[in-house]
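The model shown is predicted, which means the values in this text are computed figures rather than measured ones.
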Amino acid sequence: MKNFLCYYGEDNRIVFTDGLNLILGANGYGKSKLYDAFQWVFNDYITNEALAPAVRYTSDLGKALINERALTEAEIDAKITCEVCIEVSRGAGNTFQLIRRLHVVKTADNEFKAATGSQFIVKKKDVLEFKPLSEADGKLERERLIPAEVMPYLWFQGERGVSNIIDTSRRESLKQIVNRMSDTQKWDDFIDITKQAYSIADKEFNQALSSDSSQRQKAKEYQEQQKVAQDNLEAVEAELTEVEKNLDRATQKHENIAGQLAAAQKINDLKKDRDVLGTALRSATTRYDNLKLGFAKRLFTDSWLLMGTDDLVDQFEQKYNDYEAIVRDRKVAAQVAFNEAEREQTRLPEGVPDRNTVQLMLHDEHCQVCDRPAPKGSEPYLAIEKLLEKPKPIKPLETPPNIAKELRELYRAGMNMQGKYSKAPEQIRATYLEQISLEGEMRDLEDQIKSIEEAISTEVINSGLEEKDAAGMLKSIRSANDDTHTYSAQAEKLRTAREKYTTQLNDIKNGLTKLSVDVKMDPKLAQKRKMLDDLRELAIRMKSTQYKKLIHQLEETANQHFKEMNEPTGAFYGTIKFVPDGDGYMPQIHDDAGRRVDNLNTSQTSSSKLAIIMAIVTANQTRGLADQYPLIADAPISDFDAVKARAFLAQTARAFGQSIVIVKDFLDADPTQTGQYQADTARLTQIKQDVEAAGKTLNIYQLAIPAGQTAQNRKNLSVRINPLAI
């Protein structure tokens, strides 16, 4: 696959081997796109789109078939090629490549011009290389490699694809299958030939009978009665055919609405689960957002920003202690200076008399220190007087501004904050753990919601649900139920009438035969008429016998597959019975007592349909379809539990020479990487043992998306195909 849908680039190759090829992929990882690759090559359309249309052709899709990443990365005016090549080997000298290719030109940013259609090429290997065949030969080889009448029973997708193949609500479904997969059409042709031959012989016989005048009137009466009875029979058969078609439609409508009603209820339940999960996701998201906002706030409120600043608090404490020491030293020094100044001021110079002596020397005008006279007003007198001057006041003790209080408050604040942010590592760790837990919870909820959304989408697609109003469905199902009963009664009445007119015709034929005894006519005409009539009846009986034989063979083979798929589960599963219904057969599930089992669960219904499909391919051993062509099934076991899924795969390996089964099972979410999955090796080992016990090999691939990419971002998407060794 080259740039096909989600498969980017050219390195997208899968080698399928004989045996069971198991392709594992989670939802959105390219499973259905791989199935589409087969459909695109062989049929020029893909089928896993929404309800309308059921298929989409290349002409409708255009560039939508090309990988978006390839389109995004392409230069302007570049040609981007989308291509799928399927190589098929049918033995020595019969290896082919079937290639479908589409070109798109990028004309501008986000503008592209796609080719009007795809190219289809078939190549055949000639010794060493593949050489292209002509268009006509290529188409012939493509039809030979997988005939159109066989493909629907070998390639199918999901529950809806299975239901399209075998509709258990229509009697014509099995009839069409038997006609397609057997030679019953030859019997129908033979019956038509014998009817025409009898009609000619009967006409000759009646003409000869009417030529005898003695029996002409009686013969005319018989012939008129025969014409009326024949006309009535044909009218009844025509009406019965139409009524049976209406009955089929009513039955199918009833089954569809019943299935849709169940699907609607399932979808409603899924939506309720989704709403509950959505509420939980919104709550977790709110808590997560608040946690992240609170984290930012707590950087300040809980002093987390100061985490790692313990040394600053210690430095501040040291400087604060140094400051207090300096303040104390300054106070002591200032006090000493003050005391000294005060003492100096109150103390006279050494050798100077006290104040009273000085006053006496002034009074006597004589210095007793030097014993010399000191007349008043003289220089000695003034010197003595100066000793009595009033001392200047001592300046108050000056101290520098004391900011100890402010520093003490800052120190206390630092100590308090240190107590807060000392717990920051544990608090931040706890917050991150809570954040991681919430992220995991949100991812789990998102995954669950995504899974439910996919389940809703799958249920809508599989059920073909369009009417969402349950009340309207109930009204419709009652109407369909009434129609079913009405048409059933009409059909039964018409079948009785058909028997009546058939009996009348037989009586008239016998009357004409008895009448011919007394008529002069060539006896060979009567013998010819009787012989052709017997031959016609014989052909009808032989066709009926052959048809019953084929139905029995199909039923028997279907039950073999049904048993192999269900018996290992240990649960009740019943027996498939093809029950006569008018001119057709209806598949039903019966219990051990032969009673029909209604209200089957989805798993029982799916496994019964799959068993019938497998029987269609495997019942006719002479055709060898199961060995000639591969089974390709996308999501066939979505309704099965682990045990039944294992049993189905084992039975598939036994029944088919090569099978390719694409499933989302056997994968577990990788706990270490979001959006990544690991193979469940324990269960796959069991599958391998089952497959090898059937004498086959197991080949496993896992579809994966590289880390960092998501299925939602399609412009960066590149699914990888990884082989797994078990």
Criterion side chain to side chain donor-acceptor pair (under 3.5 Å) against Gln651, the qualifying member of Arg646, Gln560, His561, Lys563: His561
Nearest heavy atoms of Thr618 and Ala626, plus distance in Å: CG2-CB, 3.8 Å
Expected output: side-chain Glu143 to main-chain Ala148 donor-acceptor under 3.5 Å: yes
Atom pair CD/OH of Gln157 and Tyr35 - distance to nearest 0.5 Å: 5.5 Å
Criterion ring-ring contact (aromatic ring centres under 6.0 Å, His included) on Tyr677 and Tyr29, from CA distance to verdict: CA-CA 11 Å; Tyr677 294 84; Tyr29 279 56; 5.5 Å; yes
Step-by-step side chain to side chain contact (heavy atoms under 4.5 Å, CB included) determination, Lys272 to Val276: CA-CA 6 Å; Lys272 287 180 180 178; Val276 170; 5.6 Å; no
Distance-only side-chain donor-acceptor flag, Asp44 / Ser118, under 3.5 Å: yes
Aromatic plane relationship, Phe38 with Phe16 - under 30° parallel, 30 to 60° tilted, over 60° perpendicular: tilted
Heavy-atom pair of closest approach, residues Ala611 and Ala558: CB-O, 3.4 Å
Beyond-backbone contact of Asn21 with Thr17, side-chain heavy atoms, under 4.5 angstrom: yes
Over 12 foreign heavy atoms within 6.0 Å of NE2, His552: no
Rounded distance (nearest 0.5 Å) linking atom CG of Leu698 with atom NZ of Lys688: 7.5 Å
Any donor-acceptor N/O pair, Tyr8 side chain to Arg720 backbone, under 3.5 Å: no
Test: Asp18 and Lys696 ion pair at under 4.0 Å: no
N/O donor-acceptor pair under 3.5 Å between Glu567 side chain and Tyr573 backbone: no
Ile705 backbone acceptor or donor facing Gln676 side chain under 3.5 Å: yes
Name of the residue among Phe4, Phe120, Tyr45 meeting ring-ring contact (aromatic ring centres under 6.0 Å, His included) with Trp40: Phe4
SB check Glu446 Arg443 (cutoff 4.0 Å): no
Smallest separation among heavy atoms of Ile86 and Ala37, with atom names: CD1-O, 4.4 Å
Pair Arg100-Asn43, side-chain donor/acceptor within less than 3.5 Å: no
Gln702 side chain near Leu667 side chain, heavy-atom distance below 4.5 Å: yes
Val88 and Ile146, any side-chain heavy atoms less than 4.5 Å apart: no
Side-chain touch Glu564/Arg654, heavy atoms, less than 4.5 angstrom: yes
Carboxylate-amine/guanidinium proximity below 4.0 Å for Lys31 and Asp634: no
Criterion side chain to side chain contact (heavy atoms under 4.5 Å, CB included) on Met614 and Thr652, from CA distance to verdict: CA-CA 8 Å; Met614 293 172 74; Thr652 299; 4.2 Å; yes
Rounded distance [0.5 Å steps], CD in Gln686 versus CD1 in Ile726: 11.5 Å
Residue pair Leu610 / Phe562, side-chain heavy-atom distance below 4.5 Å: no
Exam field: side chain Ser659 to backbone Phe656, donor-acceptor pair closer than 3.5 Å: no
Inter-residue atom distance Phe156.CZ - Met151.CE, 0.5 Å rounding: 13.5 Å
N/O donor-acceptor pair under 3.5 Å between Asn559 side chain and Thr575 backbone: no
Residues Leu703, Leu24; criterion side chain to side chain contact (heavy atoms under 4.5 Å, CB included); working and verdict: CA-CA 6 Å; Leu703 305 179; Leu24 313 180; over 6 Å; no
Audit row: Phe578, Ile612, side chain to side chain contact (heavy atoms under 4.5 Å, CB included) steps and yes/no: CA-CA 11 Å; Phe578 295 150; Ile612 295 171; 4.0 Å; yes
Separation of Met442 CE from Leu281 CG (nearest 0.5 Å): 7.5 Å
Distance-only polar pair, side chains of Ser606 and Asp639, donor-acceptor under 3.5 Å: yes
Over 12 non-hydrogen atoms of neighbours within 6.0 angstrom of CZ in Arg144: yes
Closest non-hydrogen atom pair between Gly594 and His590, with its separation: O-ND1, 3.2 Å
Close side-chain approach of Val663 and Phe640, heavy atoms under 4.5 Å: no
Nearest-0.5 Å distance that lies between atom SG in Cys82 and atom CG in Leu65: 5.5 Å
Nearest heavy atoms of Ala650 and Asp690, plus distance in Å: CB-CB, 3.8 Å
Whether Thr569 side chain and Asn566 backbone form a donor-acceptor pair below 3.5 Å: yes
Student check: side-chain heavy atoms of Ile23 and Val661 closer than 4.5 Å: no
Min side-chain heavy-atom separation Pro706-Ser718 under 4.5 Å: yes
Over all atoms of both residues, closest heavy-atom pair of Leu724 and Ala679: CD1-CB, 3.7 Å
